[in-house]
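Every number for a ligand or one of its atoms is a count from 1 in the order of the listing. All residue numbers in this chain count up from 1 along the given sequence.
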Amino acid sequence: MKRSVEILTGCVLLVLASGCSELTGMDAVPEDIVTSGAVDQTQTPIVGGQDATPGSRPYQVSVQRFGGHWCGGALLTDTWVLTAKHCLGGTLKVRVGVHRLSSSEGQIISLVQTESHPQMDIALLRLSSPASPDYTPLELPTQEVMSGPAAPGETVEVSGWGDTSEGGRGSDVLQEVAVPVVSNSTCNAPQAYNGRIEDSEICAGFAEGGKDSCQGDSGGPLVVDFQGKTYSVGVVSWGEGCARPNKYGVYARTISAKGWIEGHIGSGPPPPDPNSCVANNACGGRAPGGCYCDSVCERYGDCCSDGPC
Ligand code: ARG
């Protein structure tokens with residue numbers, strides 16, 4: 001409860017202060033600024049990060065609203081995007097394969113389904129058509145990843161087009177920053193979040209601050225590379241300000257939602273039906289389980305789930 005109030009309040013305040021890049025920045029200030037090269041290069045990117053190498057984060061998407069950048073997200077398959085629940089609202093689209101928002105690169109794809117997690121700040125967006133296979137999805141994390149390369153003290157990375165300083169504005173070019181994972185006990189210390197971090201969240205950042213995700217990065221991916229694959233470790237969720245000392249970035253812990261995510265996106269192709277006509281080469285006859293098969297090898301009716309045909 002407290003959490004969602006905080007997120008919502010943060011967004012409302014940002015709207016009022018016109019500091020919400022997702023509402024004002026990229027939408028209100030399109031093409032001309034950026035194509036003329038007048039992007040402010042003096043600010044430190046994401047906060048304290050750097051330009052991503054074009055194409056190096058092929059899972060990263062921009063969740064769009066009002067025709068511009070609104071939140072981050074990441075492909076989990078060619079049709080499912082992982083983002084933050086607090087990014088939902090209005091008509092959203094997903095832009096895949098984009099590095100510079102002011103360019104025309106990538107594909108903008110509408111949605112056919114959104115699912116929000118009952119407890120966590122996590123949502124899934126289903127695309128109306130699959131993203132190009134050029135855009136490699138993220139892997140869901142395993143316990144091994146979480147207790148190895150994504151354990152407290154290890155370095156993970158976050159990327160997005162969000163504000164490059166607290167109260168600042170978003171970036172036209174995708175930004176990335178490397179931050180260490182912080183244990184929940186450190187993140188719950190009195191000088192940090194004083195008990196407000198839940199087990200289903202994960203913190204990352206430096207005690208001295210300086211590097212962090214920020215407004216407009218929400219929903220975006222916190223990732224780690226391991227054995228040639230890139231894993232989703234967290235989803236940008238909230239923080240007190242951005243990059244402040246002891247106020248680590250707070251992320252929804254992907255592994256805590258893994259079952260829920262898999263339930264929606266399916267974990268690979270459905271298992272073969274042992275009673276299928278095709279698998280049993282039973283066209284025009286009967287398959288195991290008593291099912292009738294027609295001449296083109298379709299089963300009659302729904303016999304195998306409804307009992308004997
Ligand atoms: N809630 C923010 C958004 O909507 C993300 C905040 C992340 N903050 C942080 N300090 N890491 O974009």
A.B. asks: Can you tell me if Lys258 uses its side chain to pair, donor with acceptor, with the backbone of Pro141 under 3.5 Å?
C.D. replies: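 Pair found, side chain donor or acceptor close to backbone of Pro141.
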
A.B. asks: Determine the minimum heavy-atom distance between Phe206 and Lys211, stating which atoms define it.
C.D. replies: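 Phe206 and Lys211 have their closest heavy atoms at CE1-CD, 3.7 Å.
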
A.B. asks: Using side-chain hydrogen bond (donor to acceptor under 3.5 Å, both in side chains), reason through Tyr59 and Arg57 one step at a time and then give a plain yes or no.
C.D. replies: CA-CA 5 Å; Tyr59 47 80; Arg57 302 191 180 265; 3.0 Å; yes

A.B. asks: For atom 2 (C) of ligand 1, which candidate among Ser218, Gly162, Gly160, Gly216 provides the closest heavy atom?
C.D. replies: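 Nearest heavy atom to atom 2 (C) of ligand 1 lies in Ser218.
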
A.B. asks: When you compare ligand 1 with Glu240, is there at least one nitrogen or oxygen pair between them that comes in under 3.5 angstrom?
C.D. replies: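 Min N/O separation from ligand 1 is not below 3.5 Å for Glu240.
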
A.B. asks: Could you check whether any heavy atom of Ala84 sits closer than 4.0 Å to an atom of ligand 1, since that is the contact criterion I want to use?
C.D. replies: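 Distance cut 4.0 Å: Ala84 fails for ligand 1.
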
A.B. asks: Counting only N and O atoms by type, is there a donor-acceptor contact under 3.5 Å from the side chain of Asn188 to the main-chain atoms of Arg196?
C.D. replies: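 Pair found, side chain donor or acceptor close to backbone of Arg196.
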
A.B. asks: Test Trp238 against Glu201 for side-chain hydrogen bond (donor to acceptor under 3.5 Å, both in side chains), laying out the working first.
C.D. replies: CA-CA 10 Å; Trp238 63 283; Glu201 295 177 311; 3.0 Å; yes

A.B. asks: Report yes if Val250 has an N/O atom closer than 3.5 Å to an N/O atom of ligand 1; otherwise report no.
C.D. replies: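 No; the residue has no nitrogen or oxygen that sits under 3.5 Å from a nitrogen or oxygen of the ligand.
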
A.B. asks: Short list, please: which atoms of ligand 1 are under 4.0 Å from a heavy atom of Gly249?
C.D. replies: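 Near Gly249, the atoms of ligand 1 are 11 (N).
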
A.B. asks: Quick one: look at His86 and ligand 1, take heavy-atom pairs under 4.0 Å, and tell me if it's side chain, backbone, both or neither.
C.D. replies: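 His86 to ligand 1: side-chain contact only, backbone stays beyond 4.0 Å.
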
A.B. asks: Provide the number and element of each atom of ligand 1 under 4.0 Å from a heavy atom of Asp217.
C.D. replies: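 Answer for ligand 1: 12 (O).
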
A.B. asks: So for atom CG, which belongs to Asn194, do other residues, nucleotides or ligands contribute more than 12 heavy atoms lying within a distance under 6.0 Å?
C.D. replies: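 For Asn194, atom CG is crowded (more than 12 foreign heavy atoms under 6.0 Å).
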
A.B. asks: I'd like to check which ligand 1 atoms, numbered from 1 as shown, lie under 4.0 Å from a non-hydrogen atom of Asp212.
C.D. replies: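 In order of number, 9 (C), 10 (N), 11 (N).
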
A.B. asks: Kindly confirm or rule out an N or O of Ser213 lying under 3.5 angstrom from an N or O of ligand 1.
C.D. replies: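 Yes; at least one N/O pair falls below 3.5 Å.
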
A.B. asks: What's the verdict on side-chain hydrogen bond (donor to acceptor under 3.5 Å, both in side chains) for Ser128 and Ser110, showing C-alpha distance, side-chain angles and the deciding distance?
C.D. replies: CA-CA 6 Å; Ser128 59; Ser110 60; 3.0 Å; yes

A.B. asks: Of the side chain and backbone of Ser237, name the one, both, or neither that has a heavy atom under 4.0 Å from an atom of ligand 1.
C.D. replies: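 Backbone only.
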
A.B. asks: Enumerate the atoms of ligand 1 whose separation from the nearest heavy atom of Cys214 is less than 4.0 angstrom.
C.D. replies: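 Once the distances to Cys214 are compared, the set is 5 (C), 12 (O).
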
A.B. asks: Can you sort out which atoms of ligand 1 are near Cys242, meaning under 4.0 Å from one of its heavy atoms?
C.D. replies: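 Near Cys242, the atoms of ligand 1 are 10 (N).
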
A.B. asks: Tell me whether Arg100 is salt-bridged to Asp172, with the criterion being a basic N under 4.0 Å from an acidic carboxylate O.
C.D. replies: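 Yes.
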
